[in-house]
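Values below: all heavy atoms of this structure, side chains included; hydrogens, waters and symmetry mates excluded. Remember, it's a predicted structure, so these values are computed and weren't measured experimentally.
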Amino acid sequence: DEAAVVATIKGLIVTSPDSGDQLADSVEPVEGQRLIVVTDRSTFYGESGGQVGDAGRIEHEQGVFVVEDTQKDAGLLLHYGYLASGCLSAGDKVTVVFDIEQRQAIRRAHSATHILHHALQTNLGTHAQQQGSKVEMDWLRFDFTNMEAVADDVLLKIELDVNELVQAHESIQWEVLPLAAARSQGAMMLFGEKYPDPVRMVSMGEFSRELCGGTHLSNTGDVLQLEIISEEAVSAGTRRIIALTGERCQKHHVEMTELYARLLGLLSPDGDKAGSGGLLECIAAVAWRVRALKKQLAGGGAVEQADSPAVGSTAVAELGYQQMRSALRRGARLLNVAVGDLMARVEAMLQECDRLQEEIAQQATSDDLSADSLLEQGEE
């Protein structure tokens with residue numbers, strides 16, 4: 001986990017989608033040019049096991065190379081990026097430095113996948129085994145076996161269990177040991193998976209032991225927080241969870257709170273129709289209004305006799321984040337859109353209400369254009 005190390009450049013490759021990759025003895029900055037730098041040592045993590053590759057810098061007194069991605073190929077670490085300044089040559093002594101903030105954000109998400117895996121098995125059963133994952137900066141995708149959608153209340157319980165383990169500040173440790181020893185200690189091993197021997201086992205407190213080669217935190221508390229964004233089907237018997245951690249989770253928390261307030265202000269300007277149920281009823285009322293106006297217009301102005309959904313009256317300040325989030329998710333499902341598209345959909349529905357009302361008003365003031373009236377005006 002050392003952030004910086006002195007290394008020697010062993011290869012420089014100029015990449016080109018047209019002419020192919022070409023070896024170079026030295027390079028200078030060229031606009032739009034992309035390079036691959038290979039060194040004899042590196043602290044970077046090459047993308048593997050669902051974890052994205054590191055970013056950072058390779059630098060010396062004569063030049064700075066910006067690393068945008070790191071990949072593995074035939075036992076080599078390939079640093080992809082561009083030369084920001086100066087020059088680089090094969091044989092140069094350089095300092096290889098990964099982006100510490102990015103690495104920490106990736107660690108948070110990766111350690112969170114292990115905690116999430118444990119919480120899924122605790123709440124759904126041991127059949128809920130990992131079927132794939134993707135780990136980026138404070139973002140994770142986790143696929144697992146389950147025959148049906150996870151109910152909202154169970155999903156919330158899983159999230160709460162994860163955050164309870166985060167707040168418990170359990171120690172995270174890893175060690176390389178014989179496969180048999182890892183098995184005897186209860187390390188989770190997926191059916192059908194082939195493991196090397198020896199293996200790297202990552203342990204979290206007493207609740208999780210998994211075989212993993214990725215980067216991790218040293219304490220569960222450093223995850224800061226996890227929020228499940230969505231749960232959906234991938235294929236028959238496989239579900240997918242998208243979740244956020246750390247700073248990205250905190251930012252999402254603020255965005256959802258602001259979205260709730262904006263929707264409430266749009267649908268209930270007087271601020272009286274709040275509450276998690278109240279917001280949902282406000283959204284339902286708009287949907288009902290659109291349907292009613294369409295029927296009224298199609299019926300030649302006849303008003304549908306029905307009561308619109310009632311609206312609650314709980315003050316916003318009294319609502320917790322979970323209640324606001326629940327209202328947003330239920331409102332999005334009601335309109336069959338993603339939560340992020342909820343504001344745009346509600347605004348479009350309100351505009352549609354205005355348009356339908358204008359058409360109804362025009363219909364009421366226009367001349368009678370019925371078949372009977374046209375026949376009466378016919379000339380023989």
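By the rule that hydrophobic residues join a cluster once side-chain heavy atoms approach within less than 4.5 Å of another member, V162 and V150 end up as members of one cluster. L177 and L211 fall within the same hydrophobic cluster, defined by Ile, Leu, Val, Met, Phe, Trp and Tyr side-chain heavy atoms under 4.5 Å apart, directly or through other members.
A distance of 10.5 Å separates OG in S42 from CG in L78, rounded to the nearest 0.5 Å.
Salt bridge annotation for R355-E358: absent, with no cationic side-chain nitrogen under 4.0 angstrom from a carboxylate oxygen. Using a 4.0 Å cut-off between a side-chain N of Lys or Arg and a carboxylate O of Asp or Glu, D138 and R108 qualify as a salt bridge. Looking at E255 and R262, no side-chain N of the basic residue comes within less than 4.0 Å of a carboxylate O on the acidic one, giving no salt bridge.
Proximity of a side-chain donor or acceptor of D21 to a complementary backbone N or O of I13 within less than 3.5 Å is not detected. For H117 (side chain) and Q130 (main-chain N/O), a donor-acceptor pair under 3.5 Å exists by modelled atom type.
A 6.0 Å sphere centred on CG of N336 holds no more than 12 heavy atoms belonging to other residues, nucleotides or ligands. Summarising the local packing, NZ of K251 is surrounded by 12 or fewer heavy atoms from other residues, nucleotides or ligands at distances under 6.0 Å. Counting heavy atoms of neighbouring residues, nucleotides and ligands inside a 6.0 Å radius, atom CD of Q185 exceeds 12 of them.
No donor-acceptor contact under 3.5 angstrom links the side chains of H127 and T145, judged on distance only. Under the 3.5 Å distance criterion, with hydrogens and angles disregarded, no donor-acceptor pair is assigned to the side chains of S16 and Q22. Side chains of Q71 and D73: no donor on one and acceptor on the other come within 3.5 Å.
Applying side-chain contact (heavy atoms from CB on, under 4.5 Å) to L156 and the options V154, L160, I158, D153 leaves one that passes, L160.
With contacts defined as side-chain heavy-atom distances shorter than 4.5 Å, the pair R239/L120 does not qualify.
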Test salt bridge (charged side-chain N to carboxylate O under 4.0 Å, His left out) applied to K134 and E47, step by step: CA-CA 10 Å; K134 180 76 171 179; E47 179 171 348; 3.4 Å; yes
Working for salt bridge (charged side-chain N to carboxylate O under 4.0 Å, His left out), residues K157 and D161: CA-CA 6 Å; K157 179 63 167 55; D161 285 353; 2.9 Å; yes
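Aromatic ring centres of F65 and H79: separated by at least 6.0 Å.
Ring orientation note: the planes of H118 and F207 are tilted relative to one another, at an angle of 30° to 60°.
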